[in-house]
Amino acid sequence: MEISNTLIVWYEKNKRDLPWRNCNDPYKIWLSEIILQQTRVQQGLPYYLKFVEQYPTILDLANADEQEILTMWQGLGYYSRARNMHATARYISFELNGYFPTKYSDIRALKGVGDYTAAAISSFAYGSPYPVIDGNVYRLISRLFNISLPVNKPSGQKEVKAAVESIFDGNRAAQWNQAIMEFGSLHCTPKKPKCETCVLQTKCISYSKNTVSNRPVKEGKIKVTTVNHSYFVFRYKDHTYIEKRIQGIWKNLYQFPLIEENLPENEVISKCKNLLTSNLTTELVKTFESTHLLSHRKIKAIFYTINLNTKPLFLKRDIFEIDLEQLGNLYPTSVLILKYLNQ
DNA sequence: TAGGCGTGGGT
DNA sequence: TACCCAAGCCT
């Protein structure tokens with residue numbers, strides 16, 4: 001209880017003014033939590049404001065096209081969040097008559113809602129006594145209790161959860177949850193935590209044992225593999241030609257026709273010509289190169305421009321014609337392709 | 001359960 | 001530069 005008081009006093013004095021706080025609308029709380037998954041407040045905030053303006057109610061979101069929602073989401077990453085969010089909006093609007101679920105178990109069962117998000121919505125919208133455990137909490141708790149088990153493995157997660165429950169105050173769950181995340185985010189930071197001015201310093205076992213810089217422990221590294229992307233930008237008048245991605249990364253976003261194999265340039269050009277029904281007499285011009293970094297992949301991208309005098313016919317039926325300016329506006333696309341369009 | 005899934009900021 | 005990390009979830 002003493003730790004809870006300390007955290008909450010700190011929070012009331014230091015909290016940021018954010019639009020989804022002091023709000024009981026489960027729709028807006030849910031929306032903010034989906035946007036903020038693995039996303040910094042600074043990056044997610046403009047998207048939240050945009051979504052609330054465009055879709056004031058969950059029914060507005062449910063009635064929107066997925067393509068429009070993905071365009072709104074463009075640039076935020078982890079696009080499955082947007083697809084799941086749309087599916088959940090339709091489920092709540094049309095199966096639950098627009099009533100957002102109130103029970104933790106029902107909230108937890110929604111698409112795109114895991115343990116963290118269910119606890120956040122339950123506490124912030126309804127005051128239900130479920131502690132949030134996000135990256136901030138893993139870090140803060142592993143320091144406070146000097147937990148040496150890896151927090152990205154079930155063993156460490158179990159220990160953190162038990163520690164959280166030992167200090168959680170369910171009678172003020174919403175405030176408590178906001179407080180511990182805000183404190184972790186602003187004070188008990190990953191690098192250079194502000195231990196010298198920390199209100200929990202005397203309670204922090206890692207501080208007394210000088211292990212703060214080694215907490216939290218994480219095991220295993222993500223290996224980043226390098227892949228090649230060759231994009232073909234066919235131009236005919238103001239038109240260009242795109243296709244929809246149907247699986248994997250950037251699913252349901254649009255792109256220029258793409259060859260992913262790592263081939264020598266002459267074979268890439270040969271593959272490009274095979275996309276068309278007729279012989280290609282125009283040459284390909286390499287107009288842009290970029291290395292695009294993902295969390296788990298390094299994409300070495302090359303963009304070739306092909307300026308045509310006649311309308312092209314494609315063997316692949318799913319390649320279709322648009323105005324170039326529609327890509328990134330009417331047709332959502334990746335930041336990699338936005339970089340090309342903006343250069 | 002380990003890997004897939006984005007992007008941008010910080011060091 | 002290369003790496004870590006961010007209000008995680010899904011399969």
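Small disclaimer: the values here were computed from a predicted structure and weren't measured. Each chain gets a letter, A, B and so on, in the order the sequences are listed, and its residues count up from 1.
Atom pair A:Q74:CD and B:dT7:P shows a separation of 9 Å (rounding to whole Å applied). The distance from atom CG of A:L186 to atom P of C:dC5 is 18 Å, rounded to the nearest whole Å. Residue A:L336 contributes atom CG, which lies 15 Å from atom P of B:dC5 at whole-angstrom precision. Rounded to whole Å, atom C1' of B:dC5 lies 15 Å from atom CD1 of A:I34. When rounded to the nearest whole Å, the span between NE2 of A:H187 and C1' of C:dA6 equals 19 Å. In this structure, CZ of A:R40 is placed 14 Å from C1' of C:dG8, rounded to the nearest angstrom. Between the CG atom of A:D115 and the C1' atom of C:dC9 there is a distance of 10 Å, given to the nearest Å. In this structure, CG of A:L36 is placed 5 Å from C1' of C:dA7, rounded to the nearest angstrom.
Heavy atoms of A:L293 sit under 4.0 angstrom from at least one base atom. When heavy atoms are screened at a 4.0 angstrom cut-off, A:I249 is found touching the sugar-phosphate backbone but no base atom. Residue contacts shown for A:G248 are limited to sugar-phosphate atoms, with no base heavy atom under 4.0 Å away. If you check every strand for non-hydrogen atoms under 4.0 Å, A:I35 touches nothing. Within 4.0 Å of A:V113, counting heavy atoms only, lie sugar-phosphate atoms of the nucleic acid but no base atom. When heavy atoms are screened at a 4.0 angstrom cut-off, A:G184 is found touching no nucleic acid atom at all. Within 4.0 Å of A:K251, counting heavy atoms only, lies no atom of the nucleic acid at all. Among the protein residues, A:N177 comes within range of no part of the nucleic acid, since none of its heavy atoms lies under 4.0 Å from any strand.
Closest-nucleotide positions on DNA chain C for A:R21 and A:G112 were compared, and the one nearer the 5' end corresponds to A:R21. Looking at which nucleotide of DNA chain B each of A:N152 and A:L253 is closest to, the 5′-most match is held by A:N152. If you find the closest nucleotide of DNA chain B to A:R83 and to A:K223, the one lying nearer the 5' end belongs to A:K223.
Linking Ile, Leu, Val, Met, Phe, Trp and Tyr whenever their side-chain heavy atoms come within less than 4.5 Å puts A:V137 and A:L200 in one cluster.
Here the side chain of A:K218 is nearest to one of B:dG8, C:dA6, C:dA7, namely C:dA6. For A:R297, whose side chain is taken as the heavy atoms from C-beta onward, the closest listed nucleotide among B:dG4, B:dT7, C:dA7 is B:dG4. Counting only heavy atoms from C-beta on, A:L294 has its side chain closest to B:dG6 among B:dG8, C:dA7, B:dG6. Checking B:dG6, B:dG9, C:dA7 against every side-chain atom of A:Q178, the shortest atom distance belongs to C:dA7. Here the nucleotide nearest the side chain of A:N84, chosen from C:dA7, B:dT7, C:dC10, is C:dC10.
A:R143 places no side-chain N or O within donor-acceptor distance of the main-chain N or O of A:P216, the cut-off being under 3.5 Å.
One finds a side-chain N or O of A:K153 lying less than 4.0 angstrom from the OP1 or OP2 phosphate oxygen of B:dA2. Applying the 4.0 Å criterion to OP1 and OP2 of C:dA6, one finds that A:R139 has a side-chain N or O inside that range. Contact annotation: A:T117 side-chain N/O to C:dC9 OP1/OP2 distance is under 4.0 Å. A close approach under 4.0 Å does occur between a side-chain nitrogen or oxygen of A:S185 and OP1 or OP2 of C:dA7. Contact annotation: A:H296 reaches the phosphate of B:dC5 (side-chain N/O to OP1 or OP2, under 4.0 Å). In this model, the phosphate group of C:dG8 is not approached by any side-chain N or O of A:Q37 to a distance below 4.0 Å at OP1 or OP2. Contact annotation: A:W73 side-chain N/O to B:dT7 OP1/OP2 distance is not under 4.0 Å. Look at A:Y79 and you'll find a side-chain N or O under 4.0 angstrom from OP1 or OP2 of B:dT7.
Taking the six-membered ring for Trp and the full ring otherwise, the centers of A:Y130 and A:F168 sit at least 6.0 Å from each other.
Remark: the separation of the P atoms in B:dG3 and C:dC4 is 15 Å, to the nearest Å. If you take atom C1' in B:dC5 and the same atom in C:dC5, they sit 16 Å apart, rounded to whole Å. If you take atom P in B:dT11 and the same atom in C:dA7, they sit 15 Å apart, rounded to whole Å.
In this structure, A:Y79 and A:W73 approach most closely via the heavy-atom pair CD2-CD1, 3.5 Å.
Between the side chains of A:K300 and A:H229, no donor-acceptor pair of N or O atoms lies under 3.5 Å. Between the side chains of A:H239 and A:Y241, no donor N or O sits under 3.5 Å from an acceptor N or O.
If you take CZ on A:R81 and CD1 on A:I69, they are separated by 14.0 Å, rounding to the nearest 0.5 Å.
Between A:F303 and A:Y231, the ring planes are parallel. Angles under 30° get that label, and only those over 60° would be called perpendicular.
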